[in-house]
There are 2 protein chains.
Amino acid sequence: MSRQLPQPSRDSINLVTLLAALADPVRLTLMQAMYSRTGPVDCSVIAEGVEVGAPTVSHHYRVLREAGLTMTTVEGRRRVVAIRYEDLEARFPGLLAAVLTPTANT
Amino acid sequence: MSRQLPQPSRDSINLVTLLAALADPVRLTLMQAMYSRTGPVDCSVIAEGVEVGAPTVSHHYRVLREAGLTMTTVEGRRRVVAIRYEDLEARFPGLLAAVLTPTANT
DNA sequence: GGGTACGTTCGATGGGTGTCAAAGCATCGG
DNA sequence: CCGATGCTTTGACACCCATCGAACGTACCC
């Protein structure tokens, strides 16, 4: 079956915490990879192209989830992750698009 | 006369650096205070309502400027600061509004 | 059950950062 | 010229954080 990892409620998402979560090269890369796909994706798929070890990737996924950016469900021994589009759009309209659109990169 | 403190060019503004600059309570407060006003404002006016010492405020202004968020000019012994609206809008459209609109707060 | 795969947690380490007190440095006013 | 003002710089301190190696848990499969 599928469990659901704990995450903050929509209303308790903090802007500073959210920005701090995005202000890291690895986490921003992960978010952009998720944003370019539609719907939930396997964690390991997203983590390709990231040059850090597995424990570090796990740490970053946790930070993203605890900041309210992502939603993680456990399916067997895999983790499936998805961006919380609706919650984030309701709370900070336009933020995701402004930060994650490919145009925004160098 | 009025000097102009050094700042990154529009094209060299880095998203991660920018997000890191915004991911601090004091700096976000300063940015929101500037955003609610129109045009350049005296630094000390903005810094009211911030509960840190003068050296710390100076440090935060520097971080904002070096991240490309603000523009500081020296007028006599005062500093005048302004958000770089056009550069930021050209580089990351919608970002300022998404982060600094009062709706975004708790 | 035993082995393998996938992810997490723990402990340690190195670097970065927010904060302040004290000192420094221009600038304005008398 | 001299004191006061406004802000910066320096040095120090405490704290947080990204990273890794090693060990730990589960879940799948033969």
Side-chain angles (χ1 to χ4, degrees), chain A residues 1-7 14-34 40-67 69-82, chain B residues 1-7 14-34 40-67 69-82:
Chain A
M1 302 313 300
S2 66
R3 286 187 302 127
Q4 174 109 198
L5 294 186
Q7 65 184 25
N14 181 350
L15 180 55
V16 172
T17 306
L18 192 150
L19 291 171
L22 291 172
D24 178 274
V26 174
R27 287 194 292 265
L28 194 60
T29 302
L30 292 176
M31 287 297 291
Q32 286 166 341
M34 293 184 225
V41 183
D42 191 305
C43 274
S44 58
V45 173
I46 299 293
E48 293 173 0
V50 169
E51 303 167 336
V52 292
T56 305
V57 172
S58 180
H59 163 67
H60 285 308
Y61 274 125
R62 175 201 273 261
V63 172
L64 290 175
R65 195 190 71 239
E66 292 180 340
L69 283 162
T70 62
M71 188 179 106
T72 304
T73 65
V74 179
E75 295 191 356
R77 51 185 165 178
R78 303 237 169 89
R79 263 71 174 165
V80 175
V81 65
Chain B
M1 306 306 300
S2 68
R3 287 187 302 127
Q4 170 113 197
L5 294 187
Q7 65 184 25
N14 181 351
L15 180 55
V16 172
T17 306
L18 192 150
L19 291 171
L22 291 171
D24 178 275
V26 174
R27 286 194 294 264
L28 194 60
T29 302
L30 292 176
M31 287 297 293
Q32 286 166 342
M34 294 183 224
V41 184
D42 193 304
C43 274
S44 58
V45 172
I46 299 293
E48 291 173 0
V50 170
E51 302 167 337
V52 292
T56 304
V57 172
S58 180
H59 163 69
H60 285 308
Y61 274 125
R62 173 200 274 261
V63 172
L64 291 175
R65 195 190 72 239
E66 292 180 342
L69 282 163
T70 62
M71 189 177 107
T72 305
T73 66
V74 180
E75 295 191 357
R77 51 186 165 179
R78 301 238 169 89
R79 264 69 175 165
V80 175
V81 64

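Quick caveat: nothing in here was measured; it's all calculated off a predicted structure. Each chain gets a letter, A, B and so on, in the order the sequences are listed, and its residues count up from 1.
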Undergrad: Pick out which of A:V41, A:V81, A:V45, A:L69 makes a side chain to side chain contact (heavy atoms under 4.5 Å, CB included) with A:M34.
TA: A:V81
Undergrad: So do B:H60 and B:T29 actually touch side chain to side chain, heavy atoms under 4.5 Å?
TA: no
Undergrad: D:dA18, OP1 or OP2 - any side-chain N/O from A:R27 closer than 4.0 Å?
TA: yes
Undergrad: Using whole Å, report how far CZ of B:R62 lies from P of C:dT19.
TA: 16 Å
Undergrad: Could you work out which one of C:dT19, C:dT8, C:dG7 sits closest to the side chain of B:V26?
TA: C:dT19
Undergrad: I'd like to compare against my own output: the B/S/- annotation of nucleotides 20-30 of chain D with a strict under-4.0 Å heavy-atom distance to protein.
TA: BBB----BS--
Undergrad: Report yes if a side-chain nitrogen or oxygen of B:H60 is closer than 4.0 Å to either non-bridging phosphate oxygen (OP1 or OP2) of C:dT17; otherwise report no.
TA: no
Undergrad: With sequence neighbours left out, write down each residue that passes side-chain contact (heavy atoms from CB on, under 4.5 Å) with B:R79, or none if nothing qualifies.
TA: B:C43, B:T72, B:V74
Undergrad: Measure the distance from CG on B:D24 to C1' on D:dC15 and round it to the nearest whole Å.
TA: 14 Å
Undergrad: Crowded around B:Q4 CD? As in, over 12 foreign heavy atoms under 6.0 Å?
TA: yes
Undergrad: Does the side chain of A:V26 reach to within under 4.5 Å of the side chain of A:T56, using non-hydrogen atoms?
TA: no
Undergrad: Got a second to check how far A:M31's CE is from A:D24's CG, nearest 0.5 Å?
TA: 12.5 Å
